[in-house]
Amino acid sequence: MSTEADRAPALPVRPLPAAACFPPPPPPLPPLPPPGAVPRRSGARTLSAAVCLVLGLGLIGGALAGSWLADRTDGGTAAERAFARGGTLWRTVPVDDLFPPVLRADAAGPGGAERVWTRIGVAPDSGCDEAFDPLLEKALAPAGCTRLLRATYTDATSTAVTTVGLLVTSTGSQGMRDLRRRFADERLDERTDLMPRPYAPRGTVAEHFGDAQRASWAVSVLTDAPAVVYAVTGFADGRMGTPPQPAALATRPGATTAPAQAGLGHEAAALAGRIEGGFRQAVRRAGTAEGSP
């Protein structure tokens, strides 16, 4: 049973908005480009892509430049490092490695005879003043003179004496190639007015070995190292008046000059070759010790 107090007043019914049950449709998608068409990018996206490309190229270029600089810091190619070693080797290599106390060579004399030489003196390392005839000094001048190393040998019979020299130049590889080309083109190693001068240690069989006693010589310009190797030979008894002849001519078959028949051309050529070969071996050993080729 109800009374008036139990009855609640009736609330008005309000309809819900349509969006509450049925949300509005999403905005339409942009139309697809026709087949084969390239979609346009906005200016901001194009600029961003360009910046990324520039940064990427910059990083790659920087890495390559760093690699190149590191390689140059390491001394360049193996040949360049070996060339550089050849210019400083004289400071550290023992004298016996450059000028061994005894040298032997098979088939180095006339007719293929064996040769043995004994070192009788080593000159203090010095500059190049008065070490060459004036015109030879002038021809070598473009390459410079860092150091001159010399030693004198005698043969097993003590009848011939030979001074061998190692001129360390101050030029680069191109300078050495230019010097070698000039010597070859102008045949400077065959001119009797362009000869090396001997080193005559006192108290030895070479004591009287002077300019007038020179009978044969050889000059070799290296291009794989900043060096010129030479040898000049004469009679140990101090005789004068022997017309000098370059080793390249005195070692030819059938040569009948005094230097050729006495084997002095063979002495000069063989000793220069042995010193040159020993120098190259010393350069290679130094490279192996440094861990370089």
Side-chain angles (χ1 to χ4, degrees), residues 86 99 123 125-153 160-200 206 208-235 238-252 255-276 279:
F99 303 117
D125 56 300
S126 65
C128 294
D129 293 343
E130 300 183 356
F132 309 103
D133 281 349
L135 288 180
L136 178 55
E137 182 178 0
K138 184 177 180 180
L140 295 171
C145 175
T146 297
R147 220 63 178 171
L148 179 63
L149 312 173
R150 294 175 294 171
T152 296
Y153 288 80
V161 286
T162 303
T163 293
V164 289
L166 176 65
L167 164 60
V168 181
T169 70
S170 56
T171 190
S173 56
Q174 183 60 53
M176 295 306 297
R177 288 193 293 270
D178 292 343
L179 183 63
R180 181 164 183 164
R181 186 179 304 110
R182 185 185 177 194
F183 264 72
D185 292 346
E186 301 179 27
R187 305 176 75 170
L188 299 184
D189 56 342
E190 296 182 7
R191 287 179 48 171
T192 56
D193 55 348
L194 283 84
M195 286 196 290
R197 288 175 171 168
Y199 165 62
H208 303 293
F209 184 26
D211 290 355
Q213 286 73 34
R214 293 176 295 181
S216 191
W217 77 99
V219 178
S220 177
V221 179
L222 279 59
T223 56
D224 55 349
V228 176
V229 178
Y230 67 85
V232 57
T233 300
F235 292 104
R239 74 182 72 175
M240 298 183 294
T242 303
Q245 185 179 33
L249 302 180
T251 55
R252 287 181 177 177
T256 59
T257 61
Q261 292 186 337
L264 298 184
H266 289 80
E267 299 279 319
L271 273 169
R274 292 305 303 271
I275 299 304
E276 180 179 329
F279 175 69

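As a basis for the values below, the full set of heavy atoms in this structure was taken, side chains included, without hydrogen atoms, waters or symmetry mates.
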Practice task
Could you go through the side-chain contact (heavy atoms from CB on, under 4.5 Å) check for Leu149 and Asp125 one step at a time?
Solution key: CA-CA 5 Å; Leu149 312 173; Asp125 56 300; 3.2 Å; yes

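- When every heavy atom of Tyr230 is checked against every heavy atom of Leu166, the shortest pair comes out as CE2-N, 4.5 Å.
- Looking at heavy atoms from C-beta onward, Leu167 lies in side-chain contact with Cys128 at the 4.5 angstrom threshold.
- With Arg214 contributing its side chain and Pro196 its backbone, the two residues share a donor-acceptor pair below 3.5 Å.
- The CE atom of Met240 sits 11.5 Å away from atom NE2 of His208, with the distance rounded to the nearest 0.5 Å.
- Within the 4.5 Å cutoff, the side chain of Val228 has heavy atoms near those of the Leu179 side chain.
- Inter-residue side-chain proximity for Leu264 and Phe235 is flagged as met; some heavy-atom pair is nearer than 4.5 Å.
- Residues Met176 and Thr169 share a closest heavy-atom pair of SD-OG1, 3.3 Å.
- Nearest approach of Arg197 to Thr163, heavy atoms of both residues: O-CG2, 4.4 Å.
- With contacts defined as side-chain heavy-atom distances shorter than 4.5 Å, the pair Leu135/Arg191 qualifies.
- Scored by the ring pair (Phe, Tyr, Trp, His ring centres under 6.0 Å) test, Phe99 finds no partners at all (sequence neighbours excluded).
- In terms of heavy atoms, Ala247 sits closest to Ala218 at CB-CB, 4.1 Å.
- No side-chain heavy atom of Arg239 sits under 4.5 Å from any side-chain heavy atom of Gln213.
- Here the straight-line distance linking atom OH of Tyr199 with atom OG of Ser126 works out to 10.0 Å at 0.5 Å rounding.
- Nearest heavy atom pair, residue Ala250 against residue Ala255, reads O-CB, 4.0 Å.
- With hydrogens and angles disregarded, a donor-acceptor distance shorter than 3.5 Å links the side chain of Ser216 to the backbone of Gln245.
- Rounded to the nearest 0.5 Å, atoms CZ (Arg182) and CG (Leu188) are 5.5 Å apart.
- With values rounded to the nearest 0.5 angstrom, Tyr153 atom OH is found 4.5 Å from Ile275 atom CD1.
- Taking CD from Gln174 and OG1 from Thr223, the interatomic distance works out to 10.5 Å, rounded to the nearest 0.5 Å.
- Within the 4.5 Å cutoff, the side chain of Pro246 has no heavy atoms near those of the Asp189 side chain.
- Going from atom CG of Leu148 over to atom CD of Glu130 covers 12.0 Å, rounded to the nearest 0.5 Å.
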Problem - Test log, rule side chain to side chain donor-acceptor pair (under 3.5 Å), inputs Thr233 and Glu267 - result: CA-CA 7 Å; Thr233 300; Glu267 299 279 319; 5.9 Å; no

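- Put simply, the side chain of Arg150 never gets that close to the backbone of Ala123: no donor and acceptor are under 3.5 Å apart.
- Taking the side chain as every heavy atom from C-beta outward, Phe183 and Leu140 approach each other to under 4.5 Å.
- Residues Gly175 and Thr171 come closest through the heavy atom pair CA-OG1, 3.4 Å.
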